[in-house]
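Sequence lines set the chain letters: A, B, ... in the order given, protein chains first and strands last, and positions in each chain run from 1.
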Number of protein chains: 2
Amino acid sequence: MAEFYKSNHRYYLSVDCVVLGLNSGKLSILLTRRAFAPEEGKWSLMGGFVQPDESIDQAAKRVLTQLTGLSNIYMEQVGAFGEVDRDPGDRVISIAYYALINFDEHDRRKVLSHNACWVEMTDMPELGFDHPAMIARTLEKLRFRFVNEPIGLKLLPRQFTLSQMQSLYEAVLGHPLDKRNFRKRVQEATCIEPTGEIDKLNSKRGAALYRFNAKTYERDKKFKI
Amino acid sequence: MAEFYKSNHRYYLSVDCVVLGLNSGKLSILLTRRAFAPEEGKWSLMGGFVQPDESIDQAAKRVLTQLTGLSNIYMEQVGAFGEVDRDPGDRVISIAYYALINFDEHDRRKVLSHNACWVEMTDMPELGFDHPAMIARTLEKLRFRFVNEPIGLKLLPRQFTLSQMQSLYEAVLGHPLDKRNFRKRVQEATCIEPTGEIDKLNSKRGAALYRFNAKTYERDKKFKI
DNA sequence: TCAAAAGTGTTCAGGGTACACCCATGG
DNA sequence: CCATGGGTGTACCCTGAACACTTTTGA
């Protein structure tokens, strides 16, 4: 069946992951310094080759689970990158994904053992391949989704203060937000509810802690920052 | 160099194109009835295999040029589709693109010779593979872009009436628009200018013809429907 | 007592939406 | 003369943006 397929070329196929997390309140990305050619010594995104028994989505999830120890990671496809010479080693087509990681819950030893480390987004080193374009397209998508869907909360701890949330939004959107307007929007988003607890670590006065209620979100679908 | 790549599998790689055009004022899609397995007899999108010397974008453009005789087609990547069993013939990863065609200028004989035909979007037959998902994602993207960028004009003739334009927007957005509000927005979009000519074919009174001015758009970047 | 972050309402302008009638002409 | 599509302006509402001071408490 499908004998004529055999007359066509086949290609290496990889996934590259733009892995984002909040490290000490700073939006950070998981990068690795390549230990071998091509692009040896340069920083790059975390990637892996697609295996025959897995879909491309599954390949991305596998890479992320191996790297962080987490399952159920929020991921979205960014797009396919297929310039002829994008990989100087050989022709490889890569599908980019972004992932939003709960930093507190991930396995730091796994990250280290993969030769990866967290780098603040504001302090990005030079990257190899077409990885800068993958990151740029990720941020475009994120900016849109962040204001329309509560996916930003995937980056925050289970309980978070509104200041933490606001500074995350400012980091992703790339500009400062008005505090009162921000809080007004959050109040209107019924899925973000106070836990009753107070965080005393980051301020003298203490700040109310909030959590995301997925059930309420499913019911109301109300979220707009 | 990159010897370790060789331990990995390689995959067939195709592009599938969601080709849209306005056939007699109706938003239509270019489909082909498959003459061979897999999915023989079913309708499907126009596609082709990626060649070793071309990027995935170039592959999509090549397929479209062969099919329509047009170069400089407006295309955008929709995304990669890579379920293991998405193609019952063999494992094929496909990158979907959409294309907006100026119906009047395309080569109908080429289309016919590729066994393709234009089908109204409101009258979509059952499609094979994961092509329905490709079309659905195309429409999501289109709805967003149509209101923020003047890409809808790629589908219209060089000169068009505001009624033609409005009915195109209604077809893509999936709901009726208010005529006065629509025309107000068009007037604010300086890049859409009257030609001074009158179309007498579609109405007794005659309707003013407009054209898109790319230079004005580059200057003002003003377009919001 | 003061530094540092938390918390809180109102006003205003502009954009979006709703809405109904006259016009020109071919048949 | 009438059916058909072309063309036009206004009122209201609501959302988004700007803006400053008080509270709490640890050091």
If the condition is side-chain hydrogen bond (donor to acceptor under 3.5 Å, both in side chains), which residues does B:N213 pass it with, not counting sequence neighbours?
B:E193, B:T216
With the threshold set at under 4.0 Å for non-hydrogen atoms, list the residues of residues 158-170 of chain A touching DNA chain D in residue-number order.
none
Between B:E54 and B:K61, is there a salt bridge with N-O shorter than 4.0 Å?
no
If you apply the rule salt bridge (charged side-chain N to carboxylate O under 4.0 Å, His left out), what do you find for B:E218 with B:K221, and how did you get there?
CA-CA 6 Å; B:E218 286 311 310; B:K221 285 278 153 85; 3.5 Å; yes
If we count only N and O atoms by modelled type, under 3.5 Å, do the side chains of B:E120 and B:S28 hold a donor and an acceptor together?
no
d(NZ, B:K179; P, D:dG9) in whole Å
13 Å
Check: A:F103 and A:R108 side chains under 4.5 Å, non-hydrogen atoms
yes
How are the rings of A:Y98 and A:Y74 set to each other: parallel, tilted or perpendicular (split at 30° and 60°)?
tilted
Just wondering, do A:Y97 and A:D57 contact through their side chains at under 4.5 Å, heavy atoms?
yes
CG of B:L201 versus C1' of C:dG27: gap in Å, rounded?
16 Å
Any stems for DNA chain C, made of 3 or more Watson-Crick or G-U pairs in a row, each with both distances under 3.5 Å?
C:1-27 with D:1-27
A:R183 CZ to D:dA20 P: how many Å, rounded?
18 Å
Could you run down the sub-3.5 Å N/O contacts of the protein with nucleotides 22-27 of chain D?
unit_1 : atom_1 : unit_2 : atom_2 : d
D:dT23 : O2     : A:R205 : NH1    : 2.4

Determine which pairs satisfy ring pair (Phe, Tyr, Trp, His ring centres under 6.0 Å) with at least one residue from residues 202-225 of chain B, sequence neighbours left out, and list them in order.
none
Between C1' of C:dA24 and CG of B:D199, the distance in whole Å
14 Å
Interatomic distance where CD1 belongs to A:I198 and P belongs to C:dG7 [whole Å]:
7 Å
Under 3.5 Å, is there a donor on one side chain and an acceptor on the other for B:K224 and B:N148?
yes
To the nearest Å, give me how far apart CD (A:Q187) and P (C:dT10) are.
13 Å
Between B:E188 and B:K222, does at least one N-O distance fall below 4.0 Å, as a salt bridge requires?
no
How many angstroms lie between CZ in B:R185 and CG in B:N181, if you round to the nearest 0.5 Å?
6.0 Å
Output yes when A:D16 and A:R86 qualify as a salt bridge under the 4.0 Å nitrogen-oxygen rule, no when they do not.
yes
With 3.5 Å as the limit, what N/O pairs link the protein to nucleotides 16-19 of chain C?
unit_1 : atom_1 : unit_2 : atom_2 : d
C:dT17 : OP2    : B:R185 : NH2    : 3.0
C:dT17 : O4     : B:K184 : NZ     : 3.2
C:dA18 : N7     : B:N181 : ND2    : 3.0
C:dA18 : N6     : B:N181 : OD1    : 3.0
C:dC19 : N3     : B:R180 : NH2    : 3.3
C:dC19 : N4     : B:D178 : OD1    : 3.2

Send over the distance from A:F182 CZ to D:dA18 P, rounded to a whole Å.
16 Å
Could you please spell out the steps behind the side chain to side chain contact (heavy atoms under 4.5 Å, CB included) verdict for A:F182 and A:D178?
CA-CA 6 Å; A:F182 181 81; A:D178 180 274; over 6 Å; no
CG of B:N202 versus C1' of D:dT4: gap in Å, rounded?
12 Å
